[in-house]
Novice: 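Before I ask anything, let me first share the structure, which is written out below as structure tokens.
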Amino acid sequence: MMNYKTMFAAAPASSGYDTLVVGAGFAGSVLAERLASQAGQRVLVVDKRPHIGGNAYDRFDDAGLLVHPYGPHIFHTNSADVFSYLSQFTSWRPYQHRVLASVDGQLLPMPINLDTVNRLYGLSLTSFEMDGFLASMAEKIEHPQTSEDVVVGRVGRDLYNKFFKGYTRKQWGLDPSELDASVTARVPTRTNRDDRYFTDTYQAMPLHGYTRLFENLLAHPNIHVMLGTDYRDIVHLVPWRHMVYSGPIDSFFDYRFGRLAWRSLDFEHVTVQPPRGQSLVQPVGTVNHPNDHLYTRVTEFKHLTGQVHESTSLVYEIPRADGEPYYPVPRAENTAVFRRYEAEAEQLSDVTFIGRLASYKYYNMDQVVAQALAAFKRLTKSTSTVTTP
């Protein structure tokens, strides 16, 4: 893997920059690449972390295993445009993610499918009978408002208690009855035996890792990168015409309307030796633990990367209330605060807000890429002349 710290040493530009990009994750890096390569702009990318890639950054640990320091990032999309765009910067390793949940002493497929129900209850239902079984378990909820309503109305109280309630409480620090319906609405229930976690058309991992992908995204000679730098320290020192901001929107406005609520995570990485004659310790990439332990899930990276190595690396995810902002808390009062920041942002013609943190919305990686590509089209459409370096 290239030494990106050397590769991306920022060089000063006497005439300044056309665009200052805050954040070197997917949102900022995709826009930087488009602006540099397609609009001929000089772009400065600034990130407070000592690396590119945002939360998708990966690296080799001391044992030589490729790991994701900020938890597993699994790429999947239904967008041919997004997949085609990223394919300019990486080759792919086909990978379909599978998840098991530790429930009642068994490891059962998650999302819930036909095998989950049959193994849990000792049944032999067919796909044709599954709908009727779930209907018999479900509680009638006329107008589901909360995450609890959604699940109970779909699969009933028992499956809700076994698979969702404990996991959601750990993840969000709130009971599902206190969370917006969108939290659990994203998780499907299947009447067949499909045990893939995602069903998207394109499911793959960057062949040489995410960091290499980001190195290729940012390799254009018009792009300069400053790492380990808070943009506030240079925003008045470096000339720029437009800003692309992908950080927390409440921080940008100095929390004038209060702090937005986020959930964070601690990641405990461990390297272990698999049992003799085996290369892995888990049967699938991720095992959920909804009802025991402080952690919510454990992921084994070699499933994701396909790396051949005598050791294996796992990461345990432990939710917490403070720390790096990872998940916006979907409650009405938080949305109301965000709308006030959003209204302020709309008044600024020289700043484009983009990405999960600036949008206060949980996005998958492909959704952030799509958002950045759409933002590029808007920005260049509104500019009558193109600035060249």
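We number each residue from 1, following the sequence as shown. Since the structure is predicted, the reported quantities are computational estimates derived from the model, not experimental observations.
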Novice: Are L265 and V315 linked, directly or through intermediate hydrophobic residues, by side-chain heavy-atom contacts shorter than 4.5 Å (ILVMFWY only)?
Specialist: yes
Novice: Can you measure from OG1 (T201) to NE2 (H76) and round to the nearest 0.5 angstrom?
Specialist: 12.0 Å
Novice: If you group Ile, Leu, Val, Met, Phe, Trp and Tyr by side-chain heavy-atom gaps below 4.5 Å, do V103 and Y121 land in one group?
Specialist: yes
Novice: So, the side chain of T211 versus the backbone of D58: is there a donor-acceptor pair under 3.5 Å, distance only?
Specialist: yes
Novice: With a 4.5 Å limit on heavy-atom distance, are the side chains of V155 and M137 in contact?
Specialist: no
Novice: Where the side chain of R59 meets the backbone of P69, is there a donor-acceptor pair that is under 3.5 Å apart?
Specialist: no
Novice: Verify the ring-centre separation between W92 and Y202: is it less than 6.0 angstrom?
Specialist: no
Novice: Nearest 0.5 angstrom please: T90 OG1 to E215 CD, how far?
Specialist: 11.0 Å
Novice: Say you draw a straight line from NZ of K165 to CD of E148; how long is it, rounded to the nearest 0.5 Å?
Specialist: 6.5 Å
Novice: If you look at every heavy atom in I223 and A36, which pair is closest and at what distance?
Specialist: CG1-CB, 3.5 Å
Novice: Should L100 and L304 be regarded as members of a common hydrophobic cluster, given that ILVMFWY residues are connected when their side-chain heavy atoms come within less than 4.5 Å of each other, either directly or indirectly?
Specialist: no
Novice: Any idea which heavy atoms bring V284 and R98 closest together, and the distance?
Specialist: CB-O, 3.5 Å
Novice: Distance from R320 atom CZ to R263 atom CZ, nearest 0.5 Å?
Specialist: 10.0 Å
Novice: Taking the side chain from H220 and the backbone from E33, do they hold a donor-acceptor pair closer than 3.5 Å?
Specialist: no
Novice: In Å, rounded to the nearest 0.5 Å, how long is the span from CG of L114 to CD of E129?
Specialist: 9.0 Å
Novice: State, with a plain yes or no, whether a side-chain heavy atom of L35 is found less than 4.5 Å away from one of D18.
Specialist: no
Novice: Does any N or O in the side chain of T229 come within less than 3.5 Å of the main-chain N or O of D47, such that one atom is a donor and the other an acceptor?
Specialist: no
Novice: Aromatic rings F301 and H269: how do their planes relate, parallel, tilted or perpendicular, breaks at 30° and 60°?
Specialist: parallel
Novice: Is there a continuous path of hydrophobic side-chain contacts, each under 4.5 Å between heavy atoms, that joins F353 to Y231?
Specialist: yes
Novice: Any donor-acceptor pair under 3.5 Å linking the side chain of Q307 with the backbone of L66?
Specialist: yes
Novice: Decide yes or no for L373 and D81: does some side-chain heavy atom of the first lie under 4.5 Å from some side-chain heavy atom of the second?
Specialist: no
Novice: Check whether any side-chain heavy atom of T189 lies under 4.5 Å from a side-chain heavy atom of F163, and answer yes or no.
Specialist: no
Novice: Evaluate the criterion salt bridge (Lys or Arg N to Asp or Glu O under 4.0 Å) for residue pair D233 and K48; output intermediate values, then yes/no.
Specialist: CA-CA 10 Å; D233 293 336; K48 67 179 181 180; over 6 Å; no
Novice: If you measure from the Lys or Arg side-chain nitrogens to the Asp or Glu carboxylate oxygens, is any gap between D350 and R241 under 4.0 Å?
Specialist: no
Novice: Taking the side chain as every heavy atom from C-beta outward, state whether M205 and Y210 have any pair of such atoms under 4.5 Å apart.
Specialist: yes
Novice: Taking C-beta and beyond as the side chain, do F252 and V351 meet within less than 4.5 Å on heavy atoms?
Specialist: yes
Novice: May I have the step-by-step check of ring-ring contact (aromatic ring centres under 6.0 Å, His included) for Y341 and F257, ending in yes or no?
Specialist: CA-CA 7 Å; Y341 285 119; F257 304 123; 5.1 Å; yes
Novice: Side chains of L44 and W240: closer than 4.5 Å at any heavy-atom pair?
Specialist: no
Novice: For a quick test of reading the model, state the closest non-hydrogen atom pair linking R169 to P176 and the distance between them.
Specialist: CG-CD, 4.1 Å
Novice: Taking atom CG of L123 as the centre, does the number of heavy atoms from other residues, nucleotides or ligands within less than 6.0 Å exceed 12?
Specialist: yes
Novice: Does the side chain of S127 come under 3.5 Å of the side chain of T191 through a donor N or O and an acceptor N or O?
Specialist: no
Novice: Ignoring hydrogens and geometry, is there a side-chain-to-backbone donor-acceptor pair from T116 to P109 under 3.5 Å?
Specialist: yes
Novice: Between the side chain of H73 and the main-chain N/O of N55, is any donor-acceptor distance below 3.5 Å?
Specialist: yes
Novice: Scan side-chain atoms only and decide if S177 and D175 contain a donor-acceptor pair under the 3.5 Å cut-off.
Specialist: yes
Novice: Could you give me the CA-CA distance, side-chain angles and deciding distance for Y70 and E324, then say whether side-chain contact (heavy atoms from CB on, under 4.5 Å) is met?
Specialist: CA-CA 10 Å; Y70 304 101; E324 287 289 321; 5.8 Å; no
Novice: Under the side-chain contact (heavy atoms from CB on, under 4.5 Å) rule, what do V43 and N222 come out as? Steps first, then yes or no, please.
Specialist: CA-CA 6 Å; V43 181; N222 285 357; 5.8 Å; no
Novice: Is it the case that R340 places NZ or CZ above or below the six-membered ring of F253, under 6.0 angstrom from the centre and within 45 degrees of the axis?
Specialist: no
Novice: Check whether any side-chain N or O of E342 sits under 3.5 Å from a backbone N or O of I249 as a donor-acceptor pair, and report yes or no.
Specialist: no
Novice: Just one of Y316, Y295, Y326 clears the ring-ring contact (aromatic ring centres under 6.0 Å, His included) bar with F267, so which one?
Specialist: Y326
Novice: Which atom pair, heavy atoms only, marks the closest approach of K162 to P290?
Specialist: O-CG, 3.5 Å
Novice: Could you go through T380 and Q38, starting from their C-alpha distance and side-chain angles, then the distance that decides it, and tell me whether this counts as side-chain contact (heavy atoms from CB on, under 4.5 Å)?
Specialist: CA-CA 9 Å; T380 51; Q38 301 301 304; over 6 Å; no
Novice: Examine F133 and I141 and state if one hydrophobic cluster contains both, with Ile, Leu, Val, Met, Phe, Trp and Tyr joined whenever side-chain heavy atoms are less than 4.5 Å apart.
Specialist: no
Novice: Answer yes or no: is there a donor N or O on one side and an acceptor on the other, between the side chain of R259 and the main chain of D250, under 3.5 Å?
Specialist: no
Novice: Should we say atom CD of Q88 is surrounded by more than 12 heavy atoms from elsewhere, each under 6.0 Å from it?
Specialist: yes
Novice: Check whether the ring centres of F214 and F89 lie less than 6.0 Å apart, and answer yes or no.
Specialist: no
Novice: Checking Y245 against S251 for the side-chain contact (heavy atoms from CB on, under 4.5 Å) test, could you report, in this order, the C-alpha distance in whole Å, the side-chain angles of both residues, the deciding distance, and whether it holds?
Specialist: CA-CA 11 Å; Y245 179 82; S251 173; 4.1 Å; yes
Novice: Which heavy atom of W172 sits nearest to which heavy atom of V329, and what is that distance?
Specialist: CZ3-CA, 3.9 Å
Novice: I need the single residue from Y327, F338, Y360, Y362 that forms a ring-ring contact (aromatic ring centres under 6.0 Å, His included) with W262. Which is it?
Specialist: Y360
Novice: Which atom names give the shortest non-hydrogen contact between P248 and P325, and what distance separates them?
Specialist: CG-CG, 4.3 Å
Novice: Going by heavy atoms in the side chains, are P330 and T335 under 4.5 Å from each other?
Specialist: no
Novice: Keeping R190 on the side-chain end and N192 on the backbone end, is there a donor-acceptor pair under 3.5 Å?
Specialist: no
Novice: Is D195 salt-bridged to R193, cutoff N-O under 4.0 Å?
Specialist: no
Novice: Assess the residue pair H224 and Y17 against the criterion (side-chain hydrogen bond (donor to acceptor under 3.5 Å, both in side chains)); give the C-alpha distance rounded to whole Å, side-chain angles, the decisive distance to 0.1 Å, and a yes or no.
Specialist: CA-CA 10 Å; H224 297 145; Y17 294 91; 2.9 Å; yes
Novice: About how many Å separate CG of L31 and CD1 of I354, when rounded to the nearest 0.5 Å?
Specialist: 4.5 Å
Novice: Check this for me, if you would: do D194 and R196 make a salt bridge, where the nitrogen-to-carboxylate-oxygen distance has to be below 4.0 angstrom?
Specialist: yes
